[in-house]
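Accompanying notes for the structure given below.
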There are 2 protein chains.
Amino acid sequence: MNLKQLSQSLGLSQTTVSRALNGYPEVREETRQRVVAAAAAANYTPNSRARRLATGRSMAIGHVMPLTGREEMVNPIFADFIAGAGEVYAREGYDLLLSMVPANGTEAAYRQMASNASVDGVMVQAPTLDDPRVPLLQELGLPFLVHGRTASPEAYSWLDVANVRAFRRATDFLLDLGHRKIALLNGQESLDFALRRRRGMEEALAERGLAPNPLWMRSDIMTEQYGYRTAGELLDSDTPPTAFLVSSIIPAIGVRRAVGERGLRTGRDISIVCHDDALSYLDNDGLNAPEGPAFTSTRSSIRAAGRRCAEILLDLIDNPDQPFVQELWETDLTLGRSTGPAPT
Amino acid sequence: MNLKQLSQSLGLSQTTVSRALNGYPEVREETRQRVVAAAAAANYTPNSRARRLATGRSMAIGHVMPLTGREEMVNPIFADFIAGAGEVYAREGYDLLLSMVPANGTEAAYRQMASNASVDGVMVQAPTLDDPRVPLLQELGLPFLVHGRTASPEAYSWLDVANVRAFRRATDFLLDLGHRKIALLNGQESLDFALRRRRGMEEALAERGLAPNPLWMRSDIMTEQYGYRTAGELLDSDTPPTAFLVSSIIPAIGVRRAVGERGLRTGRDISIVCHDDALSYLDNDGLNAPEGPAFTSTRSSIRAAGRRCAEILLDLIDNPDQPFVQELWETDLTLGRSTGPAPT
DNA sequence: TCGCCAACCCAAAGCGCTTTGGAGAGACCG
DNA sequence: CGGTCTCTCCAAAGCGCTTTGGGTTGGCGA
């Protein structure tokens, strides 16, 4: 069933039927009702391909998901972010176009999207310090929103969490508990957020006249194995740290495993603070858990960020001439059972 | 730059330019070269909207991601599956259209996709025993592939892992180690795979004249919290199990946490066997870990399944008249450090 | 009665591509 | 040397929608 057939069966022109369905005022209410009823009865939906061509809008947003590392891994954080954004897209009638590309192919992917006009805008995730995608998208004139920031975040729209403050706060918390030997298990420091978190920790240490121990400052893709092995290595060293500051709940699980395997108790012998993106299947929240959260964490829902990012991006598409939208989200420090006073 | 402009700048017709770019034989090789060079120079890509309308093909595959449970959670397993499928789509020039819908809205989502012709085929994940999507998609005439099976899997194409055999094998393994008090932490048993896994366990028990203890047969959304709380509850009961059979590595992490918090050691006091989907950030594999896998597990890469599913689906779209494709994958039982002889 | 204005509705022209159905120019053949 | 192919290329007709630029009708004021 297409528009032509539908309009013929109604004895109306395509114009009128189209207008009736799209809610234009030039059609009598009674006629509209009739059209809408007939469309519903015939199970008619405008062909999206034709509509996209006619309107010149794709009604789709591109997300490029890089497959990182030697194993081309997919970050579960992206999944939750996309879930949040997808909710908003669905609500607003947009499609989510997901493009899976090798880590070095993201630029080509965006270029392609711009050139063949398959999307109305794109979402940029996990920017590096000096991310080439930002100038690229500016050059291409494709509306975009960055989740995170680059080193010079003045001239585009973004949403980010206050990473420096979050990790400064987390470090302060550990210092207040008496910990002096604190390891940082950071994400890849080519990524902007990781560098900010490191800075947060360093600032907190510096404020008390402490210097970070380079041996304890680690950085890699945030897998469970990374947490497990790095923590194991540090715990087995001559001067093991008493506390771990971890950039994600996933490596923090690995740290906990390493701690447990050595007969130590998390929260008593070893303290762990991590950043918690509130991944739904790895829920650390105390609201649902009477015993409280497992990890003490700086918490910020990546899902909620996805939702908000989608809203901003769609708004940017609708109103291209507005000033840059730049939102900084504070995190909570949630107390869990993974921290305790430094052992004496 | 569009086709018209490009062809004018070349002094050729749109027909010829289109054919040259699409590799049709009616155009002289020399001319083709000239066209291709000009297109590259002008950074021209055919407008995908127009192309889709003209060809009648969407060059897109729909994935519907249900947000399950009260919290509308997003299953990280879907993410890895999609990553695998997305690789294949990208390679074959297809887009991946991701639709995020509430759990009860999947049917409407597929119906919409069929009616407005926005995709050439759809992927069905996590089918229930008597999944309404199968007859629906048959009725709609939309090519589809099911990852998993329903209770009567004769008349459509699917790819599944041998769940019964996997969990029978896992149960046998625990029984051989002397365990008699085995708890099952299953996924939601409205889903077909969960029921098959349960059956596998029950068959293995029955074969040795054992009956499952209803108190130890649990079933829910496979979060870390679910594993943690259920295991905690069982461990604190009068007759705690000595082994846990868990449907996913995520709740298995929760079980391990509950075990650790009670001062027990996983693999010595309590054994855990889980199904491992080989999620990239929760890698349990021994290949990369000199100390071996953390969990003893029935293992099957969900990412690889996604890749293969995509291949099958695209093939189904290209050749609609072929017989049903039905692939059953066996799992490996990987020995890890989470199992040991039953304590006496 | 005429003119004007809403209120409704329509024919037709795109949107930018693919594809059908030739057409012209040589090449080859008997 | 006319006829038949093969090689190249082109004009024009869609694909199914939206949107422009009117047309027709009836009501109402002058």
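Within every chain, numbering begins at 1; the chains are lettered A, B, ... in the order of the sequence lines, protein sequences first and strands thereafter. It should be emphasised that the depicted structure is a prediction, and the values quoted were computed from it without experimental measurement. All values below come from the heavy atoms of this structure, side chains included, with hydrogens, waters and symmetry mates left out.
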Any chance you could lay out the salt bridge (charged side-chain N to carboxylate O under 4.0 Å, His left out) test for Arg149(A) and Asp160(A), step after step, and finish with the verdict? CA-CA 7 Å; Arg149(A) 274 174 289 175; Asp160(A) 199 3; 2.9 Å; yes
Could you walk me through whether Arg303(B) and Glu87(B) pass the side-chain contact (heavy atoms from CB on, under 4.5 Å) test, one step at a time? CA-CA 10 Å; Arg303(B) 176 88 167 266; Glu87(B) 287 176 47; 2.8 Å; yes
Check the angle between the aromatic planes of Phe81(B) and His63(B) and answer parallel, tilted or perpendicular using the 30° and 60° thresholds.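 Correct class here is tilted.
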In whole angstrom, what separates [X]'s [atom1] from [N]'s [atom2]?
{"X": "Glu29(B)", "N": "dT6(D)", "atom1": "CD", "atom2": "C1'", "result": "17 Å"}
{"X": "Leu3(A)", "N": "dA13(C)", "atom1": "CG", "atom2": "P", "result": "18 Å"}
{"X": "Arg28(B)", "N": "dC10(D)", "atom1": "CZ", "atom2": "C1'", "result": "15 Å"}
{"X": "Lys4(A)", "N": "dC10(C)", "atom1": "NZ", "atom2": "C1'", "result": "15 Å"}
{"X": "Gln8(A)", "N": "dC10(C)", "atom1": "CD", "atom2": "P", "result": "12 Å"}
{"X": "Met1(A)", "N": "dC15(D)", "atom1": "CE", "atom2": "C1'", "result": "18 Å"}
{"X": "Asn22(A)", "N": "dT19(D)", "atom1": "CG", "atom2": "P", "result": "7 Å"}
{"X": "Leu10(B)", "N": "dT8(D)", "atom1": "CG", "atom2": "C1'", "result": "15 Å"}

By a strict heavy-atom criterion of less than 4.0 Å, which residues belonging to residues 33-46 of chain A are in contact with DNA chain C?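 Output list: empty, so none.
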Give Ser48(B) one of three labels, base, sugar-phosphate or nothing, depending on what nucleic acid heavy atoms sit under 4.0 Å from its own.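 No contact.
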May I ask you to decide whether Asp80(A) forms a salt bridge with Arg307(A), counting only side-chain N to carboxylate O separations under 4.0 Å?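 Here Asp80(A) does not pair with Arg307(A) in a salt bridge, since their nearest N and O are not under 4.0 Å apart.
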N or O in side chain of [X] less than 4.0 angstrom from [N] OP1/OP2:
{"X": "Thr31(B)", "N": "dC9(D)", "value": "yes"}
{"X": "Thr16(A)", "N": "dC10(C)", "value": "yes"}
{"X": "Thr55(A)", "N": "dT18(D)", "value": "no"}

Could you measure the distance from the CG atom of Asp120(A) to the CD1 atom of Ile61(A)? Nearest 0.5 Å is fine.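 Asp120(A) CG to Ile61(A) CD1: 6.0 Å, rounded to 0.5 Å.
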In Å, rounded to the nearest 0.5 Å, how long is the span from CD of Gln125(A) to CZ of Arg133(A)?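 Reported value, rounded in 0.5 Å steps: 8.5 Å.
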Polar pair under 3.5 Å, donor/acceptor by atom type, side chain Thr15(B), base dT19(C):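 Yes, a donor-acceptor pair under 3.5 Å.
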With respect to Phe144(B), which candidate in Val134(B), Leu136(B), Ile317(B), Leu316(B) satisfies the side chain to side chain contact (heavy atoms under 4.5 Å, CB included) definition?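 Of the listed residues Val134(B), Leu136(B), Ile317(B), Leu316(B), the side chain to side chain contact (heavy atoms under 4.5 Å, CB included) partner of Phe144(B) is Val134(B).
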Where the side chain of [X] is defined as all heavy atoms beyond and including C-beta, which of [options] is the nearest nucleotide?
{"X": "Ser13(A)", "options": "dC9(D), dC10(C), dG16(D)", "result": "dC10(C)"}
{"X": "Ala54(B)", "options": "dC15(D), dC17(D), dT20(D)", "result": "dC15(D)"}
{"X": "Leu53(A)", "options": "dG16(C), dT18(D), dT20(D)", "result": "dG16(C)"}
{"X": "Arg19(B)", "options": "dC9(D), dG21(D), dC17(C)", "result": "dC9(D)"}
{"X": "Leu12(B)", "options": "dG16(D), dC10(D), dC10(C)", "result": "dC10(D)"}

Using heavy atoms to find the nearest nucleotide of DNA chain D for Glu26(B) and Arg51(A) separately, return the residue whose nucleotide is more 5′.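 Residue closer to the 5' terminus by nearest nucleotide: Glu26(B).
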By nearest nucleotide on DNA chain D, pick out whichever of Gln14(A) and Val17(B) is the more 5' one.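 By nearest-heavy-atom nucleotide position, the 5'-most residue is Val17(B).
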I want to confirm an ordering. Mapping Tyr24(B) and Arg49(B) to their closest nucleotides on DNA chain C, which one lands closer to the 5' end?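 The answer here is Arg49(B).
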Carefully, step by step, assess Leu314(A) and Tyr89(A) under the rule side-chain contact (heavy atoms from CB on, under 4.5 Å). CA-CA 8 Å; Leu314(A) 295 187; Tyr89(A) 297 151; 4.3 Å; yes
Quick check against the 3.5 Å criterion: does Arg32(A) have a side-chain atom that pairs as donor or acceptor with the backbone of Ala20(A)?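 Side chain of Arg32(A) to backbone of Ala20(A), a donor-acceptor pair under 3.5 Å: yes, one is there.
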Could you check whether any side-chain N or O of Ser118(B) sits under 3.5 Å from a backbone N or O of Ser58(B), counting only pairs where one atom can act as donor and the other as acceptor?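 Not at all, since once roles are kept as given, no pair shorter than 3.5 Å links the two residues.
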Angle between the two end axes of the helix from dT1(C)-dA30(D) to dG30(C)-dC1(D), five base pairs per end, rounded to 10 degrees?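 End axes: 60° apart.
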Could you tell me if Thr15(A) and Ser18(A) have a donor-acceptor pair between their side chains, going purely by distance under 3.5 Å?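 Short answer, no.
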